[in-house]
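A quick write-up on the structure given underneath.
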Protein chains: 2
Amino acid sequence: MESLLRFIHALTIFSEESWIRLQPALSTQEFKKNEFLLKEGAVCQSLFFIEKGYCRSFHEIDGIEKNTAFYLENDIATNIRSFGSGEKSAASIIACEPLTAIVFDKVLLFEAARQTPEIEALGRNCIRLFAAKQDEFATLFNIYSAKDRLAYIEEKHPQLLQRVSQTQLASFLGVARETLSRIRKRRVP
Amino acid sequence: MESLLRFIHALTIFSEESWIRLQPALSTQEFKKNEFLLKEGAVCQSLFFIEKGYCRSFHEIDGIEKNTAFYLENDIATNIRSFGSGEKSAASIIACEPLTAIVFDKVLLFEAARQTPEIEALGRNCIRLFAAKQDEFATLFNIYSAKDRLAYIEEKHPQLLQRVSQTQLASFLGVARETLSRIRKRRVP
DNA sequence: TACATTTTGTGACGATCGTCACAGGTAGAA
DNA sequence: TTCTACCTGTGACGATCGTCACAAAATGTA
């Protein structure tokens with residue numbers, strides 16, 4: 001819980017009273033490895049603040065899982081399209097390790113936000129932060145090659161490489177596992 | 001202005017009074033073809049509601065422009081990362097035709113939002129909508145090949161193909177102009 | 001320890017892509 | 001109309017990628 005409070009204070013102004021009023025919308029949930037936080041076809045009703053462990057978001061295309069994001073400690077995980085619109089999610093989110101998350105319930109969060117402007121601002125800032133991250137990675141795919149994408153991840157998100165397998169990373173970078181292996185080999189002269 | 005009002009009403013509940021209170025944050029701006037709405041290195045202070053014409057967002061990498069988005073009539077154009085965080089924008093936005101936009105000034109919008117909850121909700125919904133669109137296209141790049149990306153655009157966004165040149169589209173799809181030409185040729189028979 | 005499972009590296013080969021070069025087509029301006 | 005600038009198609013060629021196959025290495029479990 002302290003990690004969430006630190007996260008919130010880094011993001012926006014938040015009083016003790018707002019914190020108390022936020023509590024009804026929060027619950028702590030544990031997930032085993034390979035347990036789903038969100039399943040494809042379900043409507044995303046939650047924001048997951050990752051306290052311990054990590055998870056990944058993926059789309060299943062022709063029986064193959066294509067990773068679209070990793071969420072590590074102190075990240076917010078969700079499917080923004082489904083959460084925002086109430087449509088079914090096209091992606092799944094699954095725990096890659098035993099995972100502890102603080103879950104924001106959408107309905108209760110919106111209720112609390114109506115009463116408390118600081119909670120309203122928190123919600124808005126969470127979406128903004130999520131959108132900015134999404135923009136970062138969307139741009140990455142738009143303008144860089146797989147080789148350059150790897151270099152970018154190595155520079156800006158080295159924690160990812162410490163925890164994610166080559167297979168999972170290759171799927172995220174949008175190349176075959178073998179190709180990632182060769183990209184690595186090619187550059188280390 | 002009626003087009004903006006229709007856009008707002010489709011997005012959220014909005015009273016006559018909120019509309020009047022929103023006015024100080026709005027201004028209509030005309031752009032000539034190839035005029036910048038936002039230049040790389042500047043901080044994005046505006047949301048642009050596209051009333052007439054269209055524009056594109058691009059990054060310049062090694063002297064080559066890589067398109068990352070097109071914004072047509074009734075779209076909101078902005079750089080979400082710069083607008084949200086106040087950082088310099090890494091992307092530029094430029095008019096592809098003579099263009100008319102209704103500009104939301106960030107400072108005045110935030111002022112109006114503080115006074116009027118419906119304007120606050122409008123701002124939040126704009127960001128949400130923008131994030132959802134971004135998610136759509138980010139996913140497109142993550143999980144599909146250039147060929148499949150083209151098929152997706154043809155099915156879901158055919159208006160784009162009516163207005164954007166092959167050269168601009170190829171840059172957006174992330175392939176060479178010649179490759180797009182061959183993808184088209186390959187599938188037709 | 002021994003065994004099973006998962007992960008990673010690598011070779012071979014065909015498919016696709018980016019680049020360079022050039023030609024034809026189209027649209028707008030003088 | 002003529003000129004110019006831009007857009008599109010296509011051939012050639014080398015580079016890179018995806019796929020299949022198999023072996024080695026690492027990891028987890030009995």
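Chain letters run A, B, ... following the sequence lines, proteins first and then strands; every chain starts at 1.
- Of the candidate nucleotides D:dT10, C:dG11, D:dC7, D:dT10 has the atom nearest to the side chain of B:K185.
- Separation of atoms OG (A:S46) and CG (A:L26) is listed at 11.0 Å; rounding is to 0.5 Å.
- Residue A:L169 contributes atom CG, which lies 14 Å from atom C1' of C:dT7 at whole-angstrom precision.
- Residues B:R21 and B:E118 are not paired through a salt bridge, judged by the lack of any N-O separation under 4.0 Å between the basic side chain and the carboxylate.
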### Message
side-chain contact (heavy atoms from CB on, under 4.5 Å) for B:H157 and B:E136? Distances and angles first, verdict last.
### Response
CA-CA 12 Å; B:H157 301 280; B:E136 178 189 355; 2.8 Å; yes

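- OP1 or OP2 of C:dG18 has at least one side-chain nitrogen or oxygen of B:T179 nearer than 4.0 Å.
- One can place NZ of A:K33 at 12 Å from P of D:dT27, the figure rounded to the nearest angstrom.
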### Task
Evaluate the criterion side-chain contact (heavy atoms from CB on, under 4.5 Å) for residue pair B:R128 and A:F83; output intermediate values, then yes/no.
CA-CA 10 Å; B:R128 184 179 65 68; A:F83 182 83; over 6 Å; no

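- Distance, B:K147 NZ to C:dA15 C1': 11 Å, rounded to whole Å.
- In the interface, the side chain of A:R177 is paired with the base of C:dG9 through a donor and an acceptor atom under 3.5 Å apart.
- Comparing C:dG18, D:dT8, D:dC17 against the side chain of B:S165 picks out D:dT8 as the nearest.
- Atoms CD (A:Q166) and C1' (D:dT27) sit 15 Å apart, rounded to a whole Å.
- Between C:dT19, D:dT8, D:dT16, one nucleotide has an atom nearer to the side chain of A:R186 than all others, and that is D:dT16.
- Between A:E65 atom CD and C:dT6 atom C1' the separation is 15 Å, expressed in whole Å.
- Mapping B:T167 and B:R182 onto DNA chain D via the closest heavy atom, the residue that lands nearer the 5' end is B:T167.
- Following rounding to the nearest Å, B:Q168 (CD) and D:dC6 (P) show an atom-to-atom distance of 12 Å.
- A donor-acceptor contact under 3.5 Å is formed by the side chain of B:E178 with the base of C:dC20.
- For A:R149 and D:dT16, the CZ to P distance is 15 Å, given to the nearest whole Å.
- Rounding to whole angstrom units, CZ of residue A:R184 and P of C:dG9 are separated by 7 Å.
- Under the 4.0 Å criterion applied to side-chain N and carboxylate O atoms, A:E120 and B:R124 are assigned as salt-bridge partners.
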